[in-house]
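Worksheet: one structure, shown below.
Just so we're on the same page: letters track the sequence lines, and every chain starts at 1. Computed from heavy atoms alone, side chains included, the values below leave out hydrogens, waters and symmetry copies.
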Amino acid sequence: MSTVESEPYKPSLHFIQSIIEEDLRTGKNEKRIHTRFPPEPNGYLHIGHAKSICLNFGLAIQYNGMCNLRFDDTNPVKEDVEYVDSIREDVHWLGFDWEGREYYASDYFEQLYVFAVDIIKQGKAYVCDLSAEQVSSDRGTPTRPGNPSPYRNRSIEENLDLFMRMRNGEFAEGSRVLRAKIDMDSPNMHMRDPIMYRILFAHHHRTGDKWCIYPTYDYAHGQSDFIEGITHSICTLEFEVHRPLYDWFLDQIVEPNFYRPRQIEFARLNLSYTVMSKRKLLELVKNNYVSGWDDPRLPTICGLRRRGYTAESIRYFADKIGVAKRDNTIDVALLEHSIREDLNKRALRRIAVLNPVKLIIDNYPENKIEMLEAVNNPEDPSAGTRQLPFSREIFIERDDFMEDPSAKFFRLSPGNEVRLKYAYIIRCEKVIKDPVTGAILEIRCTYDPETRSGLPNSNRKVKGTIHWLSASHARLAEIRLFDRLFNVEDPDSGEGANDYKTHLNPDSLQIIKGFVEDTFKGAKALDKFQFERLGYFCIDYDSSDKQLVFNRTIALKDSWAKIEKKQ
RNA sequence: UGUCCGAUGGUGUAACUGGCAACACGUCUGACUCUGGAUCAGAAGACUCUAGGUUCGAGCCCUAGUCGGACAACCA
């Protein structure tokens, strides 16, 4: 008998959780955990941001901490309230609550200014009159040291005076900047006297025209974290080289051994077959290659939402992809699996016949209509049932019929029997074809009245089941199928707007006429449906017109469907 | 000829203090017929970047390489 105690189960943690647990163990920051999600309001959020949102808010929830929503609005020329509103909405929709802690870097402009004055007084910042080009060329290159600015050794008094006058608007835009005095020979480019403030006579979406000097990201971010009491400042890998600067600015205003936020970097999300950069997304929207930020082909949160993705599925996805420091490209198949996983349990099923062929049941009474009971969700009995009209003439899917069936084909073929879902077993008696083209015009069948679903003798075994729609009840609709936005291996292979255009596969938009069960009239926006046989769809009434948008994520892994009402 | 970071099946992520490389997606096969792109069952797929070293034992530690990424906006 073993005397070894069974070890407690220890789930594997990603590296940020390990850091947090270590901090908790050592009692750092009085064991507080405080994160923040800090988007710049210069675009709409996409699935990559969702990873960061789930990480930051998720960590706060897991470790009983807090997570702030902070808008990093230090560059007024790129930012807009439209983006603020959309970001707020998307974070909320994803299911996270910042509990009123909605902050703006611009709220700290006065405090940031005071900090800057203090740094000047320490002799560690100076006003530089060089042009942007001159500053840039004097900075050197990664392999060549920089050149000190001739203004580097201005007196503290002169710097104080000049900085105040910068704020007062006495100097032209671009004429002067405030620079940190660090090390022009540093191998880290970001330490070569980085810019702290620039003059910008731009209207800010929150502070209006109050300021004409604006802090840069590097200066504002760490200080904002400090002001908010952030303990773990999580950002993406490209800021790794900024970390020494992040710490340097903090060193200037925080006592040694006092609380200070810690920057931790993780790898941003890349998704196969799509574009994620804000710049490129903006280009697609601005040039009208897509219908807007919420175009269902875009990987934006609102695009995914309109396409039918649920918040749950995106959170599940974020959980599945993990967090690490190596560059990655996640297969969209995992995203698609996530929505399938979720919708599979919850989506209501509906029938659509996308490629219809008429089928007539010869021995079924001409004017008879039967209402049959159809299950709304086979995985969830509480979803209930609905009534489905059945009649002599129906549509079935063209693919569900084969004149010369292969050995593996179990659906309808001449002389064979098949079950009409929720209805009867039918037998194909005859195929009527166009004498010229040979195309199948209609299929003639007979039915077995004993076999209606639910009847005592209905359980006769047949090899296949197909879906159908009563021809006189079905509504004609146009269905547009979209492929993935960029169905190419490397969306970065070309640059410029024209490349986007060519990457938009011309075959990606295909219009199919189909018939849809006439039950959508009562459907509310964003109700989720699964179509019988085809898989899952989501419906969402497009606000701009009377369109129904069907998500075909599950039905066709890489397609969307759009069904327009034909009035 | 700079600094920093990274490297584990096709993809992504694990592997507690050095102890049988695991999980998920994807792929393939089979079963199942009131649809089945669902579900169930199974399979294939990894010299853990390379070379050396330490050790009874290395994905993990040490040394030297290789490859990939980031950094030279008054963007974030």
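Heavy atoms of A:R419 sit under 4.0 angstrom from at least one base atom. Residue contacts shown for A:V77 are absent, as no nucleic acid heavy atom lies under 4.0 Å away. Contacts of A:T329 with the nucleic acid, taken as non-hydrogen atoms under 4.0 Å apart, involve only primed sugar atoms and P, OP1 or OP2.
Taking a pair as Watson-Crick or G-U wobble with both distances under 3.5 Å, RNA chain B forms stems of 3 or more consecutive pairs at B:2-7 with B:66-71, B:10-13 with B:22-25, B:27-31 with B:39-43, B:49-53 with B:61-65.
Phosphate proximity of B:rC25 to A:H337: present, with a side-chain N or O under 4.0 Å from OP1 or OP2. In this model, the phosphate group of B:rA73 is not approached by any side-chain N or O of A:R198 to a distance below 4.0 Å at OP1 or OP2. One finds no side-chain N or O of A:R243 lying less than 4.0 angstrom from the OP1 or OP2 phosphate oxygen of B:rU3. Contact between the side-chain N/O atoms of A:K461 and the OP1/OP2 oxygens of B:rU33 is found at a separation under 4.0 Å. Between A:R268 and B:rG69 there is no side-chain polar atom (N or O) within less than 4.0 angstrom of OP1 or OP2. A sub-4.0 Å separation between OP1 or OP2 of B:rA73 and a side-chain N or O of A:S136 is present. Within the 4.0 Å cut-off from OP1 or OP2 of B:rU1, not a single side-chain nitrogen or oxygen of A:R144 is found.
Nearest-nucleotide mapping onto RNA chain B: of A:R176 and A:T143, the residue sitting toward the 5' end is A:T143.
The base of B:rA76 sits with one of its N or O atoms less than 3.5 Å from a complementary donor or acceptor on the side chain of A:H242. A donor-acceptor contact under 3.5 Å is not formed by the side chain of A:T74 with the base of B:rC75.
For the P atoms, the distance from B:rG6 to B:rA38 is 39 Å, rounded to whole Å. Separating the C1' atom of B:rA64 from that of B:rU29 is a span of 47 Å, rounded to the nearest Å. One P atom belongs to B:rU8, the other to B:rC49, and the distance between them is 6 Å to the nearest Å.
Using modelled atom types and a 3.5 Å distance limit, the side chains of A:Y108 and A:E228 yield a donor-acceptor pair. No side-chain donor from either of A:E379 and A:N377 sits under 3.5 Å from a side-chain acceptor of the other. Neither side chain, A:E450 nor A:Y424, offers a donor N or O lying under 3.5 Å from an acceptor on the other. A:T385 and A:E373 are linked by a side-chain donor-acceptor pair at a separation below 3.5 angstrom, with hydrogens and angles left out of the test.
In this structure, the separation between CE on A:M164 and CD1 on A:I120 is 11.0 Å, given to the nearest 0.5 Å. Note that CH2 of A:W293 is 8.0 Å distant from OG1 of A:T300, once rounded to the nearest 0.5 Å.
Not counting sequence neighbours, the partners of A:R427 by the salt bridge (charged side-chain N to carboxylate O under 4.0 Å, His left out) test are A:E417.
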